[in-house]
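As structure tokens, the structure follows; a few thoughts come after it.
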Amino acid sequence: MSQHPRTNALRETLESDDVALGVLENTYSPTVVELYAALGVDFVWIDLEHGGPSPVDGGRLEELLRAADVTDTELLVRLPDTDPALVRKALDAGVRNVFLPRVGSSEELEAAVRAGRFEYDGEPGRRGMANPRASRWGLTDDYVTSEDESVVVGVTIETQSALDELDDILAVPELGFVFIGPLDLSVSLGHPGEFDHPEVEEAVERIRSAAIEADVPVGGLGFGMDDVNEKAENGYQLLNVGTTTGALQSAVTGWLDGYDGE
């Protein structure tokens, strides 16, 4: 019995020039992912660069994916490295949206994007043929074509070397989006933690405007909803509005502060 090809609501949102809002789920809980999906966020960010399970632990990824599989909420998985093998592993587990940290060159990025596709820019890709979970173990109709049409591979611009190659990075075929990383960018530019430093702000604006000019979707962090709304008006299409731990801290602190007892 064959299965229908997979779709990707996040890719459809980006291609429609609409805005996707998501949350960083930094407890790595399938239950919390399921709750976010029920609440209707567009994506749940799973960060494997700074925490969480090993990216080669397919079983853990599958648990997180199943929590949102029957909804319109997508997982957005940041890998800890640009290794093409990690891209293939995540996609085979069923991830549809990956983004890469600390890319230093367009060649490095192109190798990773090519690893996520069966056909790439009119040439053979580097995605491996198998019957993994992504293909529903070989049951998905037209797996090769549907996978290439649904997968998104994006990149974080957060280093001086990436800034130096910005135009070449934006020209990489099949690049799904650029995510501006002001925190790590502040470190790379010599102003660690000062994401409001003029040099950092100038770099952020340079990335934003160049990406929009190149017709590549732009993603970033939202520092409060006023900032989210302003960024959406300025062309951002992929915005993280908060974190699980941040939401818990805010809620619990509010509860405790509201207590009138001793």
Side-chain angles (χ1 to χ4, degrees), residues 4-50 52 61-79 90-91 93-101 116 134 146-147 149-157 174-182 207-208 211-212 215-248 250-251:
H4 293 300
R6 301 191 305 162
T7 58
N8 183 344
L10 182 57
R11 177 164 175 163
E12 292 170 1
T13 296
L14 297 178
E15 290 179 345
S16 300
D17 294 327
D18 291 329
V19 176
L21 302 180
V23 179
L24 172 62
E25 207 309 88
N26 49 1
T27 70
Y28 304 94
S29 164
T31 300
V32 177
V33 172
E34 186 177 17
L35 174 57
Y36 282 134
L39 291 170
V41 301
D42 296 306
F43 67 90
V44 178
W45 176 4
I46 302 295
D47 183 13
L48 303 185
E49 181 187 11
H50 295 297
L61 282 177
E62 288 175 11
E63 291 172 2
L64 294 164
L65 287 159
R66 287 191 189 100
D69 259 356
V70 296
T71 74
D72 288 331
T73 297
E74 297 284 347
L75 258 61
L76 176 61
V77 177
R78 178 160 67 178
L79 298 174
L91 296 181
V95 175
R96 282 182 286 255
N97 307 284
V98 300
F99 72 119
L100 310 167
S146 65
E147 198 71 354
E149 290 176 349
S150 67
V151 162
V152 172
V153 179
V155 62
T156 312
I157 305 294
E174 304 297 343
L175 176 61
F177 62 87
V178 295
F179 194 96
I180 303 174
I207 299 165
R208 184 200 70 84
I212 290 174
D215 199 26
V216 176
V218 182
L221 303 173
F223 300 99
M225 291 312 297
D226 287 343
D227 184 56
V228 167
N229 288 322
E230 181 179 347
K231 282 176 175 169
E233 291 174 1
N234 287 326
Y236 284 75
Q237 288 185 253
L238 192 75
L239 284 162
N240 185 71
V241 300
T243 69
T244 297
T245 52
L248 286 172
S250 177

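These values consider heavy atoms only, across backbone and side chains, with no hydrogens, waters or symmetry-generated copies. What you see is a predicted model; the values in this text were computed from it and never measured.
A distance of 11.5 Å separates CD of Glu149 from CG of Asn8, quoted to the nearest 0.5 Å. For the atom pair CG (Leu21) and OH (Tyr236), the distance works out to 14.0 Å, reported to the nearest 0.5 Å. A distance of 11.0 Å separates CG in Asn234 from CG in Asn229, rounded to the nearest 0.5 Å. Distance CG/Leu175 to CG/Asp215: 11.0 Å, rounded to 0.5 Å. Going from atom OG1 of Thr31 over to atom CG of Leu35 covers 9.0 Å, rounded to the nearest 0.5 Å. Glu15 contributes atom CD, which lies 10.0 Å from atom CG of Leu10 (distance to the nearest 0.5 angstrom).
With contacts defined as side-chain heavy-atom distances shorter than 4.5 Å, the pair Val44/Leu64 does not qualify. Counting heavy atoms from C-beta outward, Glu230 and Phe223 have side chains that stay 4.5 Å or more apart. Under the 4.5 Å side-chain criterion, counting only non-hydrogen atoms from C-beta, Arg78 is in contact with His50. Counting heavy atoms from C-beta outward, Glu174 and Val153 have side chains that stay 4.5 Å or more apart. Tyr36 is listed as a side-chain neighbour of Glu25, based on a closest heavy-atom distance under 4.5 Å. Between Val241 and Val23 there is a side-chain heavy-atom pair separated by less than 4.5 Å. Counting heavy atoms from C-beta on, the side chains of Phe99 and Val178 never come closer than 4.5 Å. With a 4.5 Å cut-off on side-chain heavy atoms, Tyr28 and Asp47 count as touching.
The main-chain N or O of Leu24 is never found under 3.5 Å from a side-chain atom of Thr243 such that the two would form a donor-acceptor pair. In this structure, Asp227 contributes its side chain and Gly222 its backbone to no donor-acceptor pair below 3.5 Å. For the pair Thr156 (side chain) and Leu100 (backbone), a donor-acceptor distance under 3.5 Å is present.
Exactly one residue among Arg96, Glu12, Glu74 makes a side-chain contact (heavy atoms from CB on, under 4.5 Å) with Thr7. That residue is Glu12. Screening Asn97, Val152, Val95 for a side-chain contact (heavy atoms from CB on, under 4.5 Å) involving Leu76 leaves a single residue, Asn97.
Evaluation of the side chain to side chain contact (heavy atoms under 4.5 Å, CB included) rule for Thr13 yields Asp18, Ala20 as partners, not counting sequence neighbours.
Across Glu49 and Leu79, no two heavy atoms sit closer than the pair CB-O, 3.9 Å. For the pair Ala68 and Leu75, the tightest heavy-atom approach, listed with the atom from each and the gap, is CB-CD1, 4.1 Å. Considering all non-hydrogen atoms of both residues, Pro30 and Ala67 come closest at O-CB, 3.1 Å.
Asp72 CG: 12 or fewer foreign heavy atoms inside a 6.0 Å radius.
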